[in-house]
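Quick note: numbers below take in every heavy atom, side chains included, and nothing from hydrogens, waters or symmetry partners.
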Amino acid sequence: TVKDHRSVEEGKLMVDLESEFAGYIIGKHGRTLEALQFMTNLIVEKITGEQPKILLDIENYRERRAEHLMEIAQKTGEYVARTGKSRLLDPLNPYERRLVHMALQDNGTVKTESEGNGVYKRVRIFKIVTDQAPDGNAAEPGNELTTDDNIGNIAFEAGHDPEGAEDIEFKSDDFNR
């Protein structure tokens, strides 16, 4: 059921839902909630002829997910800066990728890039290397060297990094209902 609704920005309406089945409505990493939001917007557009932007939320999931992603971005950025090994995050929607990019944009030791095709892309976090490039010139920021030694993957659900970064926790029951 609809618990509350409010305008959050011009042209955007946030609708807060409540249900005893909130975990099922959210789905894994919010995928079911995103699908419901997409269908809601399609239906309203079909009825009104206008393109609304209706955002659905339940149990404050969106804010908790944003905080979780920004924490993962920070911890992964610290790991990459410390080890020099890049990390590839799980596929994220555009909003979630933006959160990761923004969380690390002012970090002078790492950079981020989206990889993949389609709506759900992955974010790679690289260490900024200003050592010598293979041609002997100093590498410019943004032109960092990527080798097999500094590439790795982050699986949010793995619970640990396969290379032993125990301090980075990726699994939270709050987000995997």
Side-chain angles (χ1 to χ4, degrees), residues 8-9 12 23 26-38 41 53 55-57 60-177:
V8 289
E9 292 177 23
K12 291 185 180 181
I26 293 169
K28 187 174 182 177
H29 298 302
R31 301 293 196 261
T32 306
L33 185 61
E34 285 181 39
L36 288 171
Q37 178 176 294
F38 178 76
N41 280 287
K53 185 57 179 170
L55 306 169
L56 299 181
D57 197 8
N60 208 24
Y61 171 78
R62 294 200 183 277
E63 183 178 331
R64 291 182 298 121
R65 174 75 172 159
E67 289 172 3
H68 181 68
L69 285 171
M70 291 174 47
E71 180 181 333
I72 286 171
Q74 291 296 328
K75 287 183 178 182
T76 305
E78 291 168 7
Y79 177 81
V80 169
R82 187 175 64 251
T83 65
K85 295 181 180 185
S86 76
R87 289 289 181 250
L88 188 62
L89 303 180
D90 277 350
L92 302 169
N93 68 39
Y95 173 73
E96 293 173 335
R97 286 195 312 274
R98 184 173 180 264
L99 289 174
V100 172
H101 292 303
M102 287 175 40
L104 296 172
Q105 73 182 359
D106 294 330
N107 182 323
T109 59
V110 297
K111 72 171 191 162
T112 59
E113 287 182 8
S114 293
E115 296 182 3
N117 298 316
V119 174
Y120 292 94
K121 297 179 185 175
R122 302 175 85 177
V123 175
R124 184 173 298 278
I125 302 173
F126 296 92
K127 181 174 183 175
I128 295 175
V129 179
T130 55
D131 296 335
Q132 297 289 8
D135 62 6
N137 296 320
E140 296 290 323
N143 296 324
E144 294 77 25
L145 304 176
T146 303
T147 67
D148 289 339
D149 292 336
N150 69 358
I151 293 181
N153 296 326
I154 296 290
F156 290 135
E157 301 224 62
H160 68 282
D161 185 294
E163 295 179 17
E166 300 82 32
D167 58 328
I168 302 176
E169 186 173 316
F170 299 100
K171 186 171 182 177
S172 172
D173 291 333
D174 292 341
F175 303 102
N176 299 314
R177 295 178 182 219

Criterion side chain to side chain contact (heavy atoms under 4.5 Å, CB included) on Q74 and L104, from CA distance to verdict: CA-CA 7 Å; Q74 291 296 328; L104 296 172; 4.1 Å; yes
Take H68 and I72 through the side chain to side chain contact (heavy atoms under 4.5 Å, CB included) test and state the conclusion after the steps. CA-CA 6 Å; H68 181 68; I72 286 171; 3.2 Å; yes
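Between M70 atom CE and M102 atom CE the span is 7.0 Å, to the nearest 0.5 Å. Considering CD of E96 and CG of L69, their distance stands at 5.0 Å, rounded to 0.5 Å. Rounded to the nearest 0.5 Å, atoms CG (N41) and CG (L36) are 11.0 Å apart. Rounding to the nearest 0.5 Å gives a distance of 8.5 Å between CZ of F126 and CG of L88. How far NZ of K53 is from NZ of K12: 6.5 Å, rounded to the nearest 0.5 Å.
For the pair L33 and R62, the minimum side-chain heavy-atom distance is below 4.5 Å. At a threshold of 4.5 Å between non-hydrogen side-chain atoms, the residues T112 and R124 do not count as touching. E34 places a side-chain heavy atom less than 4.5 Å from the side chain of Y120. In this structure, the side chains of E113 and V123 stay at 4.5 Å or more apart for every pair of heavy atoms.
Although no hydrogens or angles enter the test, the distance criterion places a donor-acceptor pair under 3.5 Å between the side chain of Q37 and the main chain of L56. Listed for the K127 side chain is a donor-acceptor partner under 3.5 Å among the backbone atoms of A81.
The two residues A73 and V100 have their closest heavy-atom pair at CB-CG1, 4.0 Å. For the pair G77 and V110, the tightest heavy-atom approach, listed with the atom from each and the gap, is O-CG1, 3.6 Å. Of all heavy-atom pairs spanning Y61 and G30, the tightest one is OH-N, 3.2 Å.
A salt bridge does not link R82 to E78: none of the charged nitrogens lies less than 4.0 Å from a carboxylate oxygen.
Each of R98, K121, H101 was evaluated against S114; a single residue qualifies, H101, per the side-chain hydrogen bond (donor to acceptor under 3.5 Å, both in side chains) test.
Here E67 pairs with E63 under the side-chain contact (heavy atoms from CB on, under 4.5 Å) rule; sequence neighbours left out.
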